[in-house]
Amino acid sequence: MQFMQAIWKQARVEKRRIVLAEGEERRNLIAAGKIIENSLADLILIGNEENIRNNAKEIGVDIDGATIADPDKSDKLQQYIEEFYEIRKNKGMTLEKAEKIVRDPLYFGTMMVKMGDADGMVSGAIHTTGDLLRPGLQIVKTAPGTKVVSGFFAMMIPNCDYGEAGMLLFADCAVNPNPTAEELASIAITTAETCRTLCNTEPRVAMLSFSTMGSASNELVDKVRLAAEIAKKQRPDLDIDGELQLDAAIDREVAALKAPNSPVAGKANVLVFPDLQAGNIGYKLVHRFAKASAIGPICQGFAKPINDLSRGCSPEDIVNVVAVTAVQAQKCN
Ligand code: ACO
């Protein structure tokens, strides 16, 4: 798990304030203990203080190093309600509705990040992906120049020479069900940036399809080809190419036959899937059949980092997602 070791090391360099919005929940509390013990972040636990302390005591976790924020008792509540109303008033938000919504831990935590009272947020052990993403998309929004938020997995494949000695980034596997060519181009560029900033590796991005460089003709292929053109035009400094079939993207011998002039083919370390069905199925195939570690989905493209957990997550998963969020927050500054 070289990727996570590097992330842990980096997270400790300059600690960031990370919100755990499900602060009363057992796995979050166990994770909080480990995060504090390992100095990975300065934690803010959202919830009722008495419940948080009682639950932590019951499971024998020391959370003394964490800050507790109870939305109902917070002296920031009124400011957050007014600011949330300002952000959403042109979408039909009223002060009365804002008053109720901002008390929700996910909205309160997102407002903390928006207002600079925290550097990032992690949630999703008991909420759905949509529950977490919606406040993020409405309040924090995308980073400047980024069209969409998306989700990537860092795949670590044992006994494999593809990518960077078996490590590749897969995107979008979590957010955009059917991206347009412009959105797909944005996902490719954002994932390339992620490869640089989180993996310290120069990206080689393959835009995947069932066709390689015009071998098939179909509107689905046209979308991927156009996305590759847009991405290359927007960021000529990045190695992005497509459309490529998976084998041409990762295997040098196939690449030599199918795409001999591509700067990416045969050595891609970032795979961009044409839609969410392909991305989600793709990462699960590699995870299951190749027994690969799949770290994620990690959200990318937010102006400030907000990350989702699987509802089946373990405390260790939460620790790792918090560490990644802390490193993303360092790179935001
Ligand atoms: N990037 C940036 N902004 C976005 C994005 C995006 N990808 N998607 C929506 N938005 C914006 C909209 O423009 C809108 O902005 P506005 O209200 O200021 O005008 C706001 O977010 C809300 O958009 P809606 O379309 O109303 O929100 P919706 O209810 O459709 O939810 C969501 C968006 C949650 C991302 C939805 O597309 C979704 O559920 N995606 C799939 C998530 C999923 O199930 N993933 C699989 C999980 S399994 C796994 O991760 C391994």
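Start at 1 and go down the list; that is how both ligands and their atoms are numbered. Keep in mind that this is a model prediction, so the values were computed, not measured. In this chain, numbering begins with 1 at the start of the sequence shown.
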Side chain or backbone of [X] under 4.0 Å from ligand 1, or both, or neither, by non-hydrogen atoms?
X      : value
Lys91  : side chain
Thr128 : neither
Thr129 : side chain

query = Below 6.0 angstrom between ring centroids: does that apply to Phe170 and Phe153?
reply = no

Considering all protein heavy atoms, does one lie under 4.0 Å from [atom]?
atom                    : answer
atom 1 (N) of ligand 1  : yes
atom 15 (O) of ligand 1 : no
atom 21 (O) of ligand 1 : yes
atom 42 (C) of ligand 1 : yes
atom 50 (O) of ligand 1 : yes
atom 4 (C) of ligand 1  : yes
atom 25 (O) of ligand 1 : no
atom 39 (O) of ligand 1 : no

Ligand-residue contact atoms, ligand 1 with [X], heavy atoms, under 4.0 Å:
X      : value
Thr142 : 2 (C)
Pro297 : 50 (O)
Leu133 : 35 (C)

Provide, to 0.1 Å, the distance between [atom] and the closest protein heavy atom, together with that atom's residue and name.
atom                    : answer
atom 18 (O) of ligand 1 : Arg88 NH1, 2.9 Å
atom 34 (C) of ligand 1 : Gly130 CA, 3.8 Å
atom 7 (N) of ligand 1  : Asn176 OD1, 2.7 Å
atom 48 (S) of ligand 1 : Asn280 ND2, 3.9 Å
atom 27 (O) of ligand 1 : Arg134 NE, 4.1 Å
atom 36 (C) of ligand 1 : Val175 O, 4.5 Å
atom 10 (N) of ligand 1 : Leu137 CD1, 3.7 Å
atom 45 (N) of ligand 1 : Ala174 O, 2.6 Å

In Ile35, Ile30, Asn38, the residue satisfying side-chain contact (heavy atoms from CB on, under 4.5 Å) with Val319 is Ile35

Are the side chain of [X] and the backbone N or O of [Y] linked by a donor-acceptor pair below 3.5 Å?
X      : Y      : answer
Glu22  : Glu25  : no
His287 : Ala292 : yes
Thr325 : Val321 : yes
Arg16  : Val327 : no

Run the side-chain hydrogen bond (donor to acceptor under 3.5 Å, both in side chains) test on Glu164 and Thr201 for me, step by step, so that the C-alpha distance in whole Å, both residues' side-chain angles and the decisive distance to 0.1 Å come before the verdict. CA-CA 9 Å; Glu164 298 296 323; Thr201 300; 5.2 Å; no

Report the distance from atom [atom1] of [X] to atom [atom2] of [Y], rounding to the nearest 0.5 Å.
X      : Y      : atom1 : atom2 : value
Asp131 : Arg134 : CG    : CZ    : 6.5 Å
Cys299 : Asp172 : SG    : CG    : 9.0 Å
Arg252 : Leu257 : CZ    : CG    : 14.5 Å

Query raised in the report: Parallel, tilted or perpendicular: which fits the ring planes of Tyr107 and Phe84, with parallel below 30° and perpendicular above 60°?
Result: perpendicular

inquiry  = Please say yes or no: joined through hydrophobic side-chain contacts below 4.5 Å, possibly via intermediate residues, are Trp8 and Val122 part of one cluster?
reply    = yes

Joining Ile, Leu, Val, Met, Phe, Trp and Tyr whenever any side-chain heavy atoms lie under 4.5 Å apart, the cluster holding Val13 also takes in none

Q. For ligand 1, is there an atom lying under 4.0 Å from some heavy atom of Gly151?
A. no

From the list Asn51, Asn54, Asn48, side chain to side chain donor-acceptor pair (under 3.5 Å) with Glu24 holds only for Asn51

